[in-house]
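For clarity, every value in this text was computed on a predicted model and none was experimentally measured. One-based numbering, in listed order, for ligands and for the atoms of each.
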Amino acid sequence: MPLVPLHEMYEAANKKYYAIGQFNVNNLEFVQAVVQTANEMKSPVIIAASTSALKYAGLENLVAIVKAEVKGISVPVALHLDHGATFDDAKRCIDAGFTSVMIDGSHHPFKENIRITKEVVDYAHKHNVTVEAELGKLAGIEDDVKVDAANATYTDPDEAVEFVEKSGCDALAIAVGTSHGAYKFKSEAKLDFDRIEKIKTMVNIPLVLHGASGVPAELIDKLTKYGGKIPGAKGVPDEAYREAVKRGINKINIDTDLRLAFTATVREVLTTKTAEFDPRKILGPARDAIKEVIRQKIEILGSADQAYAGKSTDEELVMN
Ligand code: G3H
Ligand code: 13P
Ligand code: ZN
């Protein structure tokens with residue numbers, strides 16, 4: 001099945017209150033893990049590449065790998081640019097075959113964020129490509145930070161309305177307490193669910209949760225057992241996903257958990273099988289570990305068996 005733009009997946013997700021996972025990739029094994037798991041679970045899925053992933057793998061290479069992998073499957077897959085910084089980042093990806101792009105102008109002043117987002121929207125929509133924008137700052141909020149300080153970085157609902165109206169973006173990443181990486185919270189995870197719900201009611205477009213990795217204990221334990229060191233790492237618990245989705249989040253971004261699964265498994269193989277030097281026997285198990293993480297996320301987000309949601313029975317049959 002050819003790659004699809006996000007709006008074709010969002011409609012059903014928005015109506016039925018489930019979320020679609022965005023999984024970040026850097027190479028063949030990551031792409032295969034995402035596509036295979038989505039296909040096995042009959043789930044729509046978003047493959048994302050950051051600008052640094054594109055620099056690492058090569059834009060054309062990554063697009064070619066993704067297109068080849070989705071050829072034999074029938075679930076909808078979108079190829080999405082994660083955190084594009086400039087119009088040129090977005091244009092390069094659109095021209096190369098991406099079906100969705102993020103333009104992250106969140107570090108710019110409000111008006112400049114609108115301007116740069118609209119510039120990307122105007123180009124993307126001409127090519128049937130979906131645009132995600134970001135409003136608010138995703139920095140982690142420590143436990144002792146005052147509410148005022150949180151308010152200054154979290155997404156303001158009134159600004160969100162004006163932003164969506166003026167920029168024309170299709171989806172909005174909001175800041176509600178998560179942050180990127182493996183160190184998100186000092187103690188208890190705190191997400192501003194009421195803010196998600198308020199923004200959702202006011203803007204009524206799909207909302208995106210970045211920095212959503214769970215950093216699960218079993219991955220930390222495995223990494224640590226085989227020599228890794230990430231003391232104090234903490235992520236978003238499963239209950240928080242469920243609540244966030246219930247309140248209106250339709251897309252959840254996961255990168256760190258895949259990296260943890262990959263690295264913990266590579267460490268395990270290299271430690272337990274010291275005579276092994278066939279890369280396929282090292283990267284194969286790592287790919288399986290990534291698949292398991294993706295499987296768990298798809299389960300929690302509720303997108304399993306939703307690949308054909310919104311399609312008529314006839315279309316479903318054709319796709320099958
Ligand atoms: O949101 C950021 C992603 O985790 C991408 O990270 O720039 O290291 O590829 P990266
Ligand atoms: P994590 O670092 O929590 O996986 O977040 C990834 C992300 O937001 C990619 O855009
Ligand atoms: Zn992000």
Side-chain angles (χ1 to χ4, degrees), residues 6 19-27 29-31 33-34 45-59 61-62 78-86 89-90 93 98 100-107 113 117 130-141 153-155 169 171-185 189-191 196 206-216 219-220 223 230 232-238 240-241 244 249-264 289-290 293-294 296-298 300-301:
L6 280 183
I20 301 164
Q22 164 184 311
F23 301 102
N24 283 51
V25 304
N26 299 280
N27 63 13
E29 282 77 12
F30 278 69
V31 173
V34 181
V45 80
I46 299 155
I47 298 178
S50 66
T51 48
S52 26
L54 295 173
K55 197 169 164 199
Y56 172 79
L59 173 67
N61 295 340
L62 215 51
L79 178 57
H80 175 78
L81 168 67
D82 193 27
H83 293 284
T86 63
D89 287 343
C93 288
F98 278 53
S100 180
V101 290
M102 175 187 191
I103 174 75
D104 180 359
S106 60
H107 51 287
N113 191 359
T117 301
T130 324
V131 179
E132 173 182 325
E134 179 166 325
L135 186 64
K137 294 200 174 47
L138 218 65
I141 298 296
T153 54
Y154 286 7
T155 309
C169 66
L172 186 67
I174 55 172
V176 290
T178 59
S179 62
H180 292 110
Y183 303 89
K184 300 181 193 298
F185 307 101
K190 266 193 209 146
L191 271 74
I196 296 174
L207 299 181
V208 182
L209 188 65
H210 280 246
S213 274
V215 192
L219 289 183
I220 298 182
L223 196 77
I230 46 167
K234 211 171 187 54
V236 178
D238 288 357
Y241 290 133
I249 291 287
N250 296 113
K251 173 171 174 277
I252 299 250
N253 287 10
I254 306 289
D255 188 353
T256 296
D257 284 350
L258 308 185
R259 296 177 182 199
L260 289 173
F262 179 90
T263 305
I290 299 170
V293 171
I294 297 171
Q296 289 169 9
K297 302 296 182 204
I298 286 178
I300 296 169
L301 302 183

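- The nearest pair of heavy atoms linking N26 to A53 is OD1-CB, 3.4 Å.
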Take V236 and F185 through the test side chain to side chain contact (heavy atoms under 4.5 Å, CB included) and record every step on the way to the result. CA-CA 9 Å; V236 178; F185 307 101; 4.2 Å; yes
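- Residue N24 comes nearest to L258 through the heavy atom pair O-CD1, 3.5 Å, listed as atom of the first residue, atom of the second, then distance.
- Distances from ligand 2 to the non-hydrogen atoms of K184 include at least one value under 4.0 Å.
- Exactly one residue among V31, I47, I254 makes a side chain to side chain contact (heavy atoms under 4.5 Å, CB included) with F23. That residue is I254.
- Summary of contacts: the protein heavy atom closest to atom 3 (C) of ligand 1 is D255 OD2, 3.3 Å.
- Set against the non-hydrogen atoms of G181, the atoms of ligand 2 under 4.0 Å away are 2 (O).
- Taking the six-membered ring for Trp and thresholds of 30 and 60 degrees, H210 and H180 have ring planes more than 60 degrees apart, a perpendicular arrangement.
- By the 4.5 Å heavy-atom criterion applied to side chains, D255 and D82 are not counted as neighbours.
- Restricting H180 to its N, O or S atoms, the one at the least distance from the Zn ion (ligand 3) is NE2.
- S50 OG, 2.6 Å is the protein heavy atom nearest to atom 9 (O) of ligand 1.
- Remark: ligand 2 atoms within the under-4.0 Å shell around heavy atoms of H83 are 10 (O).
- Considering only non-hydrogen protein atoms, atom 7 (O) of ligand 1 sits nearest to S52 OG, 2.6 Å.
- Contacts of D82 with ligand 1, taken as heavy-atom pairs under 4.0 Å, involve the side chain alone.
- Between the NE2 atom of H83 and the ND1 atom of H210, the angle centred on the Zn ion (ligand 3) amounts to 90° when rounded to 10°.
- The protein heavy-atom contact nearest to atom 2 (O) of ligand 2 is T256 OG1, 2.6 Å.
- Those atoms of ligand 2 that come under 4.0 Å of a heavy atom in H210, given as number and element, are 8 (O), 10 (O).
- For ligand 2, the atoms lying closer than 4.0 Å to a non-hydrogen atom of I254 are 4 (O).
- Closest heavy-atom contact between C93 and L59: SG-CD1, 4.1 Å.
- Annotation: atom 10 (O) of ligand 2 to nearest protein heavy atom, D82 OD2, 2.7 Å.
- Here the protein heavy atom with the shortest distance to atom 7 (C) of ligand 2 is H180 CD2, 3.4 Å.
- Protein heavy atom nearest atom 8 (O) of ligand 2, with residue, atom name and distance: G211 N, 2.8 Å.
- Of all heavy-atom pairs between K184 and G235, the closest is CD-CA, 3.8 Å.
- Using a non-hydrogen distance threshold of 4.0 Å, M102 does not register as a contact of ligand 2.
- Taking only nitrogen or oxygen atoms, main chain and side chain alike, N253 reaches within less than 3.5 Å of ligand 2.
- A heavy-atom distance below 4.5 Å is found between the side chains of L6 and H80.
- At least one donor-acceptor pair under 3.5 Å links the side chain of D257 to the backbone N or O of V215.
- Contact annotation: for A212 versus ligand 2, heavy atoms closer than 4.0 Å belong to the backbone alone.
- Considering every non-hydrogen atom in both D104 and H83, the closest pair reads OD2-ND1, 2.9 Å.
- Taking both residues in full, the closest heavy atoms of I249 and A19 are given as O-CB, 3.8 Å, listed atom of the first, atom of the second, then distance.
- Within the set H180, R259, H83, the minimum heavy-atom distance to atom 6 (O) of ligand 1 is found for R259.
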